[in-house]
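Please read the structure below before turning to the comments.
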Amino acid sequence: MVSHEILNILAANSEDYVSGERISQQLHVTRAAIWKQIKVLKEEGFEIEGQTKNGYRLMGTPLSLNEWALKQALTTTSLGYAIDLEDELVSTNARSKELARQGGVHGQIVLAKHQSAGRGRLQRQWESPRGGLWMSVLLRPNLSLADASKLTLAASVAIVDALRELFQLSIGIKWPNDLIFNGQKIAGILGEVVGEWNAVQTLILGIGINANFPREQLNTSLNATTLHEILGYEVNLNVLAAGILKHLENQVISLEKKAFEELRSNWSERALGLGEEVRILRGEQVFQGIFKGISIDGELILETEDGEKIFTAGEVQLRSKEGKYF
Ligand code: BT5
């Protein structure tokens, strides 16, 4: 793409102005074509200063999702280099599954600026207004099916660490993988297995982060918050995506080395409600007890009056200081 090549040239000379003539010679396109592309890039949020005498200089990149800016921000070795970025998708997980069936590579990511029908677990609706980070990562890790399922736990740890590193935020994990800031949900993860037993496991990790939009854009009934609400400014979504992918890649590598105990302890250190009284909702049933911890496979261990119970799925309700469950 010519626009990416222009950006490459400007980025390589970021201390300097580059003349339109030089760009046009290097790329074998007319100066008018360059001017046109620069105009488009500016509309996409690139800050490009143009001086009649000296030419162009790249002063800033967009905060919103952009393929070139995301690639620049990546520090991974395998995740995030194949990018499918769309303005709108029904669900990035649905698209990612399609791509997986068509042979999509390990680390391929799908992003949408807006999802018309984003999904949570059990087909629940996931509200996905513009400004959020709605991303799915296709993984073909060297793991058995049982171990691949640990990747959703690993993804929660990766997101907590990325948000801490980038914004110094302290996020807690509510089992199995809700990400909570001050009692409100800021992000969710949907892990889905694609394909067959015995074959290489393919997993789609859908990651949704309420980022650059005010909380008012979400349904009032939700107990939710956004980065914009917490930080008071817009974050760079490309840097955020790249940060998450870096931490996720490290998690995948460590799972492939079978560092399951390390994952369990990392997850537990970031968990909410451990050692406290919680409620577990499973269908119509409600269980109450002390949240003892998670098993090596990520199941929740609850100590109830009738003894220990193990949960593979369900909703956790934590107990607030006032004694209310939420
Ligand atoms: C989740 O499900 O938390 C997983 C969310 C995964 C979303 C990503 S976005 C990219 C990818 N593409 C998709 O289609 N999905 C993934 P769960 O734990 O089941 O929570 C769903 C519940 O969270 C809903 O029933 C609402 O109560 C609440 N909710 C919906 N939208 C929300 C939002 N934007 N922020 C906070 N809570 C929300």
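First listed ligand is number 1; within each ligand, the first listed atom is number 1.
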Where's the contact between [X] and ligand 1, heavy-atom distance under 4.0 Å: side chain, backbone, both or neither?
X    : answer
D178 : side chain
I186 : neither
R124 : side chain
N177 : neither

Among all protein non-hydrogen atoms, which one is nearest to [atom], and what is the separation to 0.1 Å?
atom                    : result
atom 9 (S) of ligand 1  : Q115 NE2, 3.4 Å
atom 15 (N) of ligand 1 : R119 O, 2.8 Å
atom 37 (N) of ligand 1 : W126 CZ3, 3.7 Å
atom 3 (O) of ligand 1  : K185 NZ, 2.8 Å
atom 31 (N) of ligand 1 : E127 N, 2.9 Å

Ligand-side contact atoms (ligand 1) for residue partner [X], heavy atom cut-off under 4.0 Å:
X    : result
T92  : 10 (C), 11 (C), 12 (N)
N210 : 33 (C), 34 (N), 35 (N), 36 (C)
A224 : 35 (N), 36 (C)
G118 : 14 (O)
M135 : 10 (C)
L222 : 26 (C), 27 (O), 28 (C), 29 (N), 30 (C), 31 (N), 32 (C), 38 (C)
Q125 : 24 (C), 30 (C)

Can a donor-acceptor pair be found, under 3.5 Å and without considering hydrogens, that links the side chain of [X] to the backbone of [Y]?
X    : Y    : result
N238 : S64  : yes
K174 : V316 : yes
R215 : A224 : yes
E303 : K292 : no
R140 : G104 : yes

In plain terms, say whether [X] and [Y] are close enough for a salt bridge, that is, a side-chain N and a carboxylate O under 4.0 Å apart.
X    : Y    : answer
K246 : D161 : no
D297 : K150 : yes
R101 : E98  : no

R57 and D16 have their tightest heavy-atom pair at CG-O, 3.4 Å
Flag if over 12 foreign heavy atoms under 6.0 Å of CD, E305: no
